Amino acid sequence: MTVIAIDGPAGAGKSTVGRAVAARLGVGYLDTGAMYRAVTFGVLRRAIDPYDIAAVEQVAMSMDLDIRDVDGASVVIVDGEDATGDIRGREVTESVSAVAANSAVRAELVERQRSWIRSEGGGVVEGRDIGSVVFPDADLKLFVTASARVRAERRVAEIGGDVDDVEASIIERDRKDSSRADSPLVEASGATVVDTTGLSIEAVVDLVLDML
Ligand code: DC
């Protein structure tokens, strides 16, 4: 069973790299950020305060979550409702760091991630704590990063918006993800750092496939 862990900050190119590597190896791909976003979607749907620890935990424990990769994008079904578009929206993006800081939510999602790997018999898993917490014994651990400016420019090219605004929100989310008490974004021990700042994503994919 081969497990490949890809961590790094928002917008560094983890998804593109992860999907290309998974396709090349003929294995599945799991976007764990989409799982934290899905819980946040469920929380907001029920008009629960994202900082209400017990109520948010309850949503994570009870939610029916189905994530599958279709044509290079994660299709996310939350309690039977298609949340694929909404999980990328501003409301979810603004509240997801609070939900991701909830230890009970993390424990539940880590369990679901491990069970996904068991049922798939391996795969590529992308997130913030995959090489450090979820699969510390992964066969390959990558920490994919890039400057905040470059990450903002890439995001704007994909979904539009103002580069300065997007950069500010990326820096703020990095700060929250890196400073939270439970499973902060860190370079896992044994991880190879891949800085994509001066590289095209295609060049990064080639680099990683060479490493493999
Ligand atoms: O990768 P993304 O932007 O879709 O992730 C959404 C949020 O979830 C982000 O703020 C970090 C958090 N996250 C996390 O804490 N642990 C993970 N394994 C994946 C994402």
Side-chain angles (χ1 to χ4, degrees), residues 3-19 29-44 50-51 56-57 59-60 63 65 67 69 72-76 78 83-117 123-136 138 141-146 148 151-152 154-156 158-159 161 166-188 191 196 201:
V3 177
I4 296 177
I6 304 184
D7 293 302
K14 301 187 297 294
S15 306
T16 314
V17 173
R19 285 196 171 93
Y29 166 81
L30 182 64
D31 172 4
T32 64
M35 299 174 79
Y36 288 92
R37 288 173 179 273
V39 175
T40 308
F41 171 85
V43 163
L44 297 177
Y51 290 94
V56 170
E57 171 182 359
V59 172
M63 85 187 314
L65 174 58
I67 298 194
D69 229 47
S74 297
V75 172
V76 177
V78 177
T84 306
D86 285 345
I87 63 161
R88 306 286 166 198
R90 192 178 52 83
E91 283 192 323
V92 166
T93 300
E94 279 175 0
S95 295
V96 67
S97 291
V99 170
N102 184 312
S103 291
V105 170
R106 301 202 70 84
E108 170 64 19
L109 294 189
V110 166
E111 195 37 60
R112 292 188 192 214
Q113 290 152 20
R114 290 181 177 147
S115 127
W116 180 85
I117 276 287
V124 177
V125 185
E126 177 219 307
R128 302 293 191 286
D129 61 340
I130 309 305
S132 55
V133 174
V134 188
F135 299 113
K141 297 187 199 181
L142 299 175
F143 189 88
V144 179
T145 187
R151 290 187 281 135
R154 287 184 192 149
R155 193 131 285 189
V156 167
E158 267 172 28
I159 58 169
V166 174
E167 183 182 11
S169 98
I170 280 180
I171 289 172
E172 177 58 10
R173 203 142 58 86
D174 286 354
R175 192 190 60 73
K176 288 182 183 163
D177 291 339
S178 304
S179 61
R180 68 173 175 238
D182 188 350
S183 313
L185 171 65
V186 287
E187 287 167 27
T196 70
I201 293 297

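Counting starts at 1 for both ligands and their atoms, in listed order. Please read these numbers as outputs of a predicted model, since none were measured by experiment.
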Please tabulate protein-ligand N/O pairs under 3.5 Å for ligand 1, atom names and distances to 0.1 Å.
| from | atom 1 | to | atom 2 | distance (Å) |
| --- | --- | --- | --- | --- |
| ligand 1 | 1 (O) | R128 | NH1 | 2.9 |
| ligand 1 | 1 (O) | R128 | NH2 | 3.3 |
| ligand 1 | 3 (O) | R37 | NH2 | 3.1 |
| ligand 1 | 3 (O) | R128 | NH2 | 3.3 |
| ligand 1 | 3 (O) | R173 | NH1 | 2.9 |
| ligand 1 | 4 (O) | R37 | NE | 2.7 |
| ligand 1 | 10 (O) | R173 | NH1 | 3.3 |
| ligand 1 | 10 (O) | D177 | OD1 | 3.2 |
| ligand 1 | 10 (O) | D177 | OD2 | 3.2 |
| ligand 1 | 15 (O) | R106 | NH1 | 2.8 |
| ligand 1 | 15 (O) | R106 | NH2 | 3.4 |
| ligand 1 | 15 (O) | R180 | NH1 | 2.8 |
| ligand 1 | 15 (O) | R180 | NH2 | 2.9 |
| ligand 1 | 16 (N) | R106 | NH2 | 3.0 |
| ligand 1 | 18 (N) | T32 | OG1 | 3.0 |
| ligand 1 | 18 (N) | R128 | N | 3.2 |
| ligand 1 | 18 (N) | D129 | OD1 | 2.8 |

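- Using a 4.0 Å cut-off between charged side-chain N and carboxylate O, D129 and R180 make no salt bridge.
- When all heavy atoms are compared, the tightest approach of I6 to G18 is CD1-CA, 3.5 Å.
- With 3.5 Å as the limit, one finds a donor-acceptor pair spanning the side chains of S74 and R19.
- Paired with D31 under the rule salt bridge (charged side-chain N to carboxylate O under 4.0 Å, His left out), one option of K14, R128, R88, R37 passes, and it is R88.
- With hydrogens and angles left out, the side-chain atoms of R154 and T16 include no donor and acceptor closer than 3.5 Å.
- The shortest side-chain heavy-atom distance between S95 and F41 does not fall under the 4.5 Å cut-off.
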